[in-house]
Amino acid sequence: MKEKTKAGTLLVLFAFLFVAVLSLHPFGRPTDTRMDDYLIQNGQLETGCNNIVTSVLFDYRALDTLGETTVLFAATCGIFAAFLGRKR
Amino acid sequence: MILLEHAPALAIAVPLLAALATPLVSKAGKRIRNLWVILSLAFAEFVVIMLGRDVLAGNVHVYSVGASVPSLTSTGGFPIRIILVADAMSALVSLAAMSIALLAAIYSWRFMEEHHSLGLDKFYTLLLLLAAGMMGLSLTGDFFTLFVFIEVVSISSAGLIAFFSSGESFEAAFKYMVISATGSLLLLFGIGLLYGKYGMLNMAAIANEVSMQHSFLDIAALSLMVSALLLKSGSVPVHMWKPDAYQEAPAQVVIMMLTITLLSLYVMFRICFSVFSLVLPVTMGWLIVILGAMSVFVGVTMAMPQRNLKRLIGYAAVAEIGYVMLGAGTGLIAMPNVSGFAMQALSGGIFHMINDVLDLSLMLLAAGTVFYITRQQDINEVGGLAHKSGYLAVLFMISMLAIAGMPPMGGFASKLMIYESVYYFNPLLSIIGILGSIMLLAIFVKIFASVFLGVPYKGSVRQVPKSMMFAMCVLAFFILFFGIFPNLALDLLITPAAEALINPQAYIGGVV
Amino acid sequence: MKRKIHDTGLSPIVKMAVCILAVPVATFGFYVALHGHLTPGGGFAGGAVIATITAMFLVAFGRDVIKSQHSKSFSSLRTIKSIGITTFGILIFISLSATFLHQYLTSSGWFFRVTVPFGPNPGYLGTGGIIPLMNLAVGLEVVVGLSLAVILLLVSSKEGHTEAPVEKMGRREE
Amino acid sequence: MTGFVLTTAAGHWDPLLWLAAFIIILAIVYIIRSRGYKKYKRGTEQTLPFFSGNLPPVANIRSSNMYWGFFEAMGRYYKWLRRAHTGVVNDYVYSFVMLLVVILAAMTLGGLL
Amino acid sequence: MISTPFMAVVVLVLFGLSAMVFKRNLIKIVMAVHVMGSGVNLFLISLGYRAGSTAPIFTNAPKLEMALPVPQALTLTSIVINIAVVALMLTFAALIYEHYGTLDARKRRLLE
């Protein structure tokens, strides 16, 4: 009975997310692309690299990339500390 | 002046850079490493104080990361780059967070000394990363950066929970990791929904667009984000990770995790008040108020039978989060025009946020000190510690009175504001709050009686080191200060912050 | 020592193949990282490619190879770790210079700066300002980070539990 | 100085007044204490507490034993509460799913109204 | 037009969530987190697709309409974060196994 309740809750969540996703723009036709169009038009000139994704990663959203490498670094540190502490 | 101009970026960059250099610095020796950590955090604190002085006067400090001119935010009429926004509210929380981080670093000088020295540089690295992540959380004005910093914070705190390397600590860290990964992935899902609709990631820009057109998509994204942030803050139906993590982590890490829960509440308020203020359904405020009341009740009643001191404080922290949600949720119900009682509830909630950090931090540090001097966490085992270290008993008593909301501690003023104004909206909620306070006092009287009074503890009791005492004394001073001069704190810190929250146009206009 | 290495792990054919494969894999990873501003890929992808070499070696030679050194001291792992951190620090400084000084290298025009015409072009390596350097630094960080994670997860687990009965885990009790 | 009085929407709270009252009560307590019997000898049985003629047992009251009546009275509530706090990761995630569904439902209803 | 990738995203996220609710093996829970993360990554990347477009890279190829660059950058970031999370969780799972000798989520627990 409990399992069924859980499954029911998950199904309700499924329905909600489904409706939310269906009310997005249809796949392949994004509606509001001002920011991305600006980047495609000006990214090459402003950063000097052909790959717009790279220019977004390392210039326009460099703080995110910094945070992401920090996450990797923190994870390595955490793994290291956990294993070292256990060794003692 | 150049320091002030770059202050939002520096507040993130200084702890981050210090964290990355810590493993190299620690090759030079323990003392140098500890000094390095404390000095870098002190510098970051200085930067944050400067930023706060600038911002609490009422203006919004905007910093566009990587732009040729930092104040140049929107090139083509909308923001392209990541934008850091510091208004009075975010300056307030970043000030609190950085102070707590500094105190945690000072406290851990002696506390961590004997815990496996091999990995201690990792400990300090993760501590500094936690501080950097907290700064990022409180200062960011961009949804995706918010997600990234939440991940930074949760991964480094998971690493720190597991730091004592017992089986239980791994278990607690695993649970925390599962929960927080789920939460932040659903947060990212909500951010994706917003991006799909508006094509932007900046909070202020989205707020500008939201007011014109909204649909089920906004509601779904808002609910996903709010529930993920409630998970991070440990409100009631999803509070179970909190006592587990609090029990196992070192005390000074726990006070930073406590600050993180309040920061995620802050982010939730930011999203509700500043971004979705105009389209927010009325149910949102009621939901938060009801969850807050439930948090108070469940947290308090679960704290009652606990035996482990830090686990008990974890449940008490759930209850304290509930008070903040009660106050701020009442402000949220009256959102379009907040004044009178609603304004008082909101500022009471924000004031209680700060008091909550101070009170519970002092309590946790005292609990950590009890653990340090006796090596016991079970409150059944220890007793009569007041004979050995009276100052510790006094500090514990201050924190206990403050948590229970007794005058003249800081907790009283904020709780008074919350009770009064919530009573105006719904007396039942206020009664639950007062009942919670009474039971909190009962719980802590019990703990005080069994830990500090009675027959002296048989085992060996060590001296309390000076650095740990210093950190606790600073917290106690601020608790008493906010209790005796509540109006000073309100005028200087809280009211500007509350006004920054209820006035989304200033926030949006500062960026776009 | 040499004899011991050949005793453990998979067959000599696999070991030889891994040794031979390591060179093109490393080259490819380096290429992907270096050309991040021109082609799909970048530091993360290139770093992940190179980090597979570690996994390949661990699979082929068995974990005892690293373990024999591991038991002696942590020095090798520590060295890798400090290298990773140093590069990471360098990366941070570089990216911060981008933050504060707005692509200092790009606008100064004396390094890695060939003006790119807008629109389709064949792609020149010497463009992109500071971005290729950042790509390489991120690549190095990712290599070290992922390799360390793999090594620690594989090597540091204790002996006794590795051959524990698997089928008992997570079975339902009811 | 106006910094002392906290004016709330329905009244005000003056910490100074409270402090003054506290000090006065402290003074009264001290006066009462100073009027007590001073000629007892320290270190003898005169200073020992007695419990119906006997010395009380020397033991700490363990904190789990405190508030026994409260737990007895709230027994059913605590039974329910402990059943909810299983400590299993799956239940943690399930509670999050429940919160998600509740919030989504409430917000959808509120958005429609 | 029915947006199939978006539906796949919801299905993936729900797979992950339901595995987290029902599965008791810790390794399976980690896998569930990864599946969920992949679902969210798929969502991000499919937000940026434009019908009939090329990758947002300037090459010698004739310039067509380009896909949106920002979601691709976000996906890259989110993938690496997901890897870090999963690595840390696997470590914890391995260490829990080492301490308790079981991977069952219900066997050892911090109670009350």
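Per chain, numbering begins at 1; letters A, B, ... match sequence-line order. From a predicted model like this one, the values you see are computed outputs, not experimental measurements.
- In this structure, the portion of B:Leu291 lying under 4.5 Å from any heavy atom of chain D is its side chain and not its backbone.
- Proximity to chain B is limited to the side chain of D:Phe70, based on heavy atoms less than 4.5 angstrom apart.
- With D:Phe96 as the partner, the side chain to side chain contact (heavy atoms under 4.5 Å, CB included) test is satisfied by one option alone out of B:Leu230, B:Val238, B:Val178: B:Val238.
- Considering CG of D:Leu109 and OG1 of B:Thr283, their distance stands at 7.5 Å, rounded to 0.5 Å.
- In this structure, chain D has no heavy atom under 4.5 Å from any part of B:Ala489.
- Proximity of D:Trp18 to B:Phe412: side-chain heavy atoms (C-beta onward) are nowhere separated by under 4.5 Å.
- For a residue to count as touching a neighbouring chain, one of its non-hydrogen atoms must lie under 4.5 Å from one of that chain's; by this rule B:Val298 touches chain D with backbone and side chain alike.
- Dense packing is recorded around OH of D:Tyr77, with more than 12 heavy atoms of other residues, nucleotides or ligands lying under 6.0 Å away.
- Neither the backbone nor the side chain of D:Tyr94 comes within contact range of chain B; no heavy atoms are under 4.5 Å apart.
- Between D:Leu100 and B:Leu224, the closest side-chain pair of non-hydrogen atoms falls below 4.5 Å.
- For D:Val93 against B:Ile179, the heavy-atom pair with the smallest separation is N-CD1, 4.0 Å.
- Looking only at side-chain heavy atoms (C-beta outward), B:Ser223 and D:Met107 come within less than 4.5 Å of each other.
- For the atom pair CG (B:Leu222) and CG (D:Leu104), the distance works out to 9.5 Å, reported to the nearest 0.5 Å.
- Using a 4.5 Å heavy-atom cutoff, the side chains of B:Met439 and D:Tyr67 are not in contact.
- No donor-acceptor distance shorter than 3.5 angstrom exists from the side chain of B:Lys175 to the backbone of D:Tyr92, with no hydrogens or angles considered.
- Closest approach of B:Met240 to D:Ser95, counting heavy atoms only: SD-OG, 4.3 Å.
- Distance check, rounded to the nearest 0.5 Å: CE of B:Met304 to CG of D:Leu81 gives 12.0 Å.
- The side chain to side chain donor-acceptor pair (under 3.5 Å) search around B:Thr182 returns none, not counting sequence neighbours.
- To the nearest 0.5 Å, atoms CG (D:Leu99) and NE2 (B:His239) are separated by 12.0 Å.
- Put simply, the side chain of D:Val89 does not reach to within 4.5 Å of the side chain of B:Met177, judged on heavy atoms.
- Side-chain atoms of D:Pro15 and B:Pro407, non-hydrogen and from C-beta on, never get closer than 4.5 Å to each other.
- Residue D:Ile103 holds its CD1 atom at 7.5 Å from CD1 of B:Ile288, rounded to the nearest 0.5 Å.
- By number of non-hydrogen pairs under 4.5 angstrom with chain D, the leading residue of B:Asp378, B:Leu186, B:Thr301 is B:Thr301.
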